[in-house]
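Beneath this line is the structure, given in structure tokens, with notes to follow.
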Amino acid sequence: LISLGGGVPCNVCGFVASTMYRGLDLVHLPTSLMAQCDAAISHKQGINGARGKNMVGSYFPPRLIAVDVDVLHTLSSQLIADGLSEVIKHALGQDASYCDLLLEYDGKTDDVDFLETVVNRNIRLKCDLARDDPREEHQAMVLQYGHTVGHPLEHLSGYRLSHGQSVAIGMMVAARVSHLMGACRGELVDLHGRLLARFGLPFEVPFDIRASDVIDALKYNKKYLCEGTRMALLSDVGRLWAVDGEYAIPVSDDVICLAVEMSKEDEPCSGELQWSRVQTVA
Ligand SMILES: NC(=O)c1ccc[n+]([C@@H]2O[C@H](COP(=O)([O-])OP(=O)(O)OC[C@H]3O[C@@H](n4cnc5c(N)ncnc54)[C@H](O)[C@@H]3O)[C@@H](O)[C@H]2O)c1
């Protein structure tokens, strides 16, 4: 089975390939930045359900992934920003020098050399982790950075927020959770804001999404079923916080609620999502 397209075709074909005839050979030809940088380089295949993201899915490795950055030239600036959200995730979570590269880059985000650099770097960073920990249960949990709260936001927004935008806001909330729990310095929270603004990504929770709804939606996260909410959190750039060798950090609803409230827009933007304001400023 060959997938051709963005992250959604990757994940849908991946799930179908994992179940048809108890498994078909899977090839990905990813065409969005999100898919080239992240979704195609994954054993995690999933389909969204009525109650949340990836409610149905499987772990299944592709046989081959063929990436050509030339296909990215037809992407809109919004779709490039979406992919850059996962690029920022890899940089913050795995590689301080990658953060510096992104902060210092002052060219256009659709420049093909820039895109080739980030795609190459992301693939290498992700493969390093996914090879040894394909289910993302240990060190590779860093790949879920920003997703614990990002997924509920994406779902609660009725998918008005894209995956990349939701992860961007989710990373900001995660940074605040880490700071509230005393695991990181305030500078790390500031760095999140600078990186996300630089690439036109949002970092505030939309005004119309209530913290209590986020807490309710978190209950549809698989980890919640057995252990309550656990999050991948950073103690510094490139450093996943571990407690007694465990990377899935238990976080109380109160702390998440506070971090969401601290991250909220001050006022509704006359029907426009806050991120469009950030894009204008950036
Ligand atoms: N399994 C994983 O590890 C993993 C990782 C990251 C993201 N994801 C999933 O990926 C999805 C998001 O990926 P996405 O943003 O690619 O979504 P998508 O597949 O919906 O693509 C977004 C849009 O880009 C368009 N598009 C794709 N390639 C294009 C091109 N070359 N030129 C112009 N338009 C193009 C598509 O037609 C679509 O309208 C989410 O559902 C997310 O959950 C999964």
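Predicted model, so just to flag it, every value in this text is computed and none were measured.
- Residues Leu161 and Pro206 form a side-chain contact, since some pair of their non-hydrogen atoms from C-beta on lies under 4.5 Å apart.
- Ile88 is not listed as a side-chain neighbour of His192, based on a closest heavy-atom distance of 4.5 Å or more.
- Listed by chain and residue number, Asp38 satisfy the side chain to side chain donor-acceptor pair (under 3.5 Å) test with Lys126 (two or more places apart in sequence, or in another chain).
- Connection of Tyr159 to Ile209 is not established within any shared hydrophobic cluster, with ILVMFWY side chains joined at heavy-atom distances below 4.5 Å, either directly or through further cluster members.
- Taking both residues in full, the closest heavy atoms of Ala174 and Tyr145 are given as CB-CE1, 3.6 Å, listed atom of the first, atom of the second, then distance.
- Under the 4.5 Å side-chain contact rule for hydrophobic residues, Tyr59 and Val12 do not share a cluster.
- Interatomic distance, CD of Gln94 versus CG of Leu234, reported as 10.0 Å (0.5 Å rounding).
- Taking both residues in full, the closest heavy atoms of Leu180 and Val255 are given as CD1-O, 3.9 Å, listed atom of the first, atom of the second, then distance.
- Between atom CG of residue Leu79 and atom OG of residue Ser162 there is a gap of 8.0 Å, rounded to the nearest 0.5 Å.
- Under the 4.5 Å side-chain criterion, counting only non-hydrogen atoms from C-beta, Leu195 is in contact with Cys99.
- Between Phe15 and Ile47, the shortest heavy-atom distance links the atoms CD2-CD1, 3.4 Å.
- Rounding to the nearest 0.5 angstrom, the gap separating the CD1 atom in Ile215 from the SG atom in Cys257 is 4.5 Å.
- Formation of a donor-acceptor pair under 3.5 Å by the Asn48 side chain with backbone atoms of Asn54 is found in this model.
- Proximity of a side-chain donor or acceptor of Lys53 to a complementary backbone N or O of Pro152 within less than 3.5 Å is not detected.
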One pair to check against side-chain contact (heavy atoms from CB on, under 4.5 Å): Arg194 and Leu103. What are the steps and the verdict?
CA-CA 8 Å; Arg194 277 191 290 137; Leu103 278 175; 3.9 Å; yes

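- In the hydrophobic clustering of this structure, Val119 does not group with Met34; members are Ile, Leu, Val, Met, Phe, Trp, Tyr whose side-chain heavy atoms approach within less than 4.5 Å, directly or through other members.
- Note that OG of Ser18 is 12.5 Å distant from NE2 of His43, once rounded to the nearest 0.5 Å.
- In the hydrophobic clustering of ILVMFWY residues, with side-chain heavy atoms under 4.5 Å counting as a link, Val142 and Ile123 come out together.
- At least one donor-acceptor pair closer than 3.5 Å links the side chain of His73 to the backbone N or O of Asp70.
- Looking at every heavy atom in both residues, Ala168 comes nearest to Leu201 through CB-CB, 4.0 Å.
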Starting from the C-alpha separation in whole Å, work towards a yes-or-no answer on side-chain contact (heavy atoms from CB on, under 4.5 Å) for Met231 and Val149.
CA-CA 9 Å; Met231 294 177 72; Val149 170; 4.2 Å; yes

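- Counting all heavy atoms, side chain and backbone alike, Ala96 lies closest to Val237 at CA-CG1, 3.6 Å.
- Hydrophobic cluster membership for Val27: Ile2, Leu4, Leu29, Leu64 (Ile, Leu, Val, Met, Phe, Trp, Tyr linked by side-chain heavy atoms under 4.5 Å, directly or transitively).
- Taking the side chain as every heavy atom from C-beta outward, Leu33 and Asp82 never approach each other to under 4.5 Å.
- A donor-acceptor pair under 3.5 Å is formed between the side chain of Lys264 and the backbone N or O of Phe207.
- Counting only distance, with no hydrogens or angles, the side chain of Ser178 and the backbone of Leu233 share no donor-acceptor pair below 3.5 Å.
- Taking both residues in full, the closest heavy atoms of Gly170 and Leu153 are given as N-CD1, 4.4 Å, listed atom of the first, atom of the second, then distance.
- Residue pairs that meet the salt bridge (Lys or Arg N to Asp or Glu O under 4.0 Å) test with at least one member in residues 109-125, sequence neighbours left out, are Asp95-Arg121.
- Inter-residue side-chain proximity for His179 and Leu188 is flagged as unmet; no heavy-atom pair is nearer than 4.5 Å.
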Show the numbers, then the answer: is there a side-chain contact (heavy atoms from CB on, under 4.5 Å) between Leu191 and Leu92?
CA-CA 9 Å; Leu191 176 65; Leu92 281 169; 3.8 Å; yes

Mind running side-chain contact (heavy atoms from CB on, under 4.5 Å) on Ile249 and Glu246 for me, showing each step along the way?
CA-CA 7 Å; Ile249 308 293; Glu246 174 66 68; 5.8 Å; no

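- Under a 3.5 Å cut-off, the side chain of Glu86 and the backbone N or O of Gly164 do not form any donor-acceptor pair.
- Chaining together hydrophobic side chains whose heavy atoms lie under 4.5 Å apart places Leu26 alongside Phe60.
- Residue Leu125 holds its CG atom at 7.0 Å from OH of Tyr98, rounded to the nearest 0.5 Å.
- Counting heavy atoms from C-beta outward, Glu154 and Arg160 have side chains that stay 4.5 Å or more apart.
- The closest donor-acceptor contact from the side chain of Arg230 to the backbone of Ala248 lies under 3.5 Å.
- Using a 4.5 Å cut-off on side-chain heavy atoms (C-beta onward), Asp236 and Arg185 make contact.
- Between the His155 side chain and the Ala50 main chain, a donor and an acceptor come within less than 3.5 Å of each other.
- Under the 3.5 Å distance criterion, the side-chain polar atoms of Thr148 are left unmatched by any main-chain donor or acceptor of Gln144.
- Both Leu240 and Val189 sit in one connected hydrophobic cluster of ILVMFWY residues. Membership requires side-chain heavy atoms under 4.5 Å apart, directly or through other members.
- Taken from CG in Leu1 to OH in Tyr21, the straight-line distance is 11.5 Å, to the nearest 0.5 Å.
- When atom types are taken as modelled, the side chain of Tyr247 and the backbone of Glu136 share no donor-acceptor pair closer than 3.5 angstrom.
- Remark: Asp25 pairs with Arg63 by the side chain to side chain donor-acceptor pair (under 3.5 Å) rule, at least two apart or across chains.
- When side chains are defined from C-beta on, His90 counts as touching Leu143, because their heavy atoms get closer than 4.5 Å.
- With sequence neighbours left out, the side chain to side chain contact (heavy atoms under 4.5 Å, CB included) criterion links Tyr220 to Arg51, Met55.
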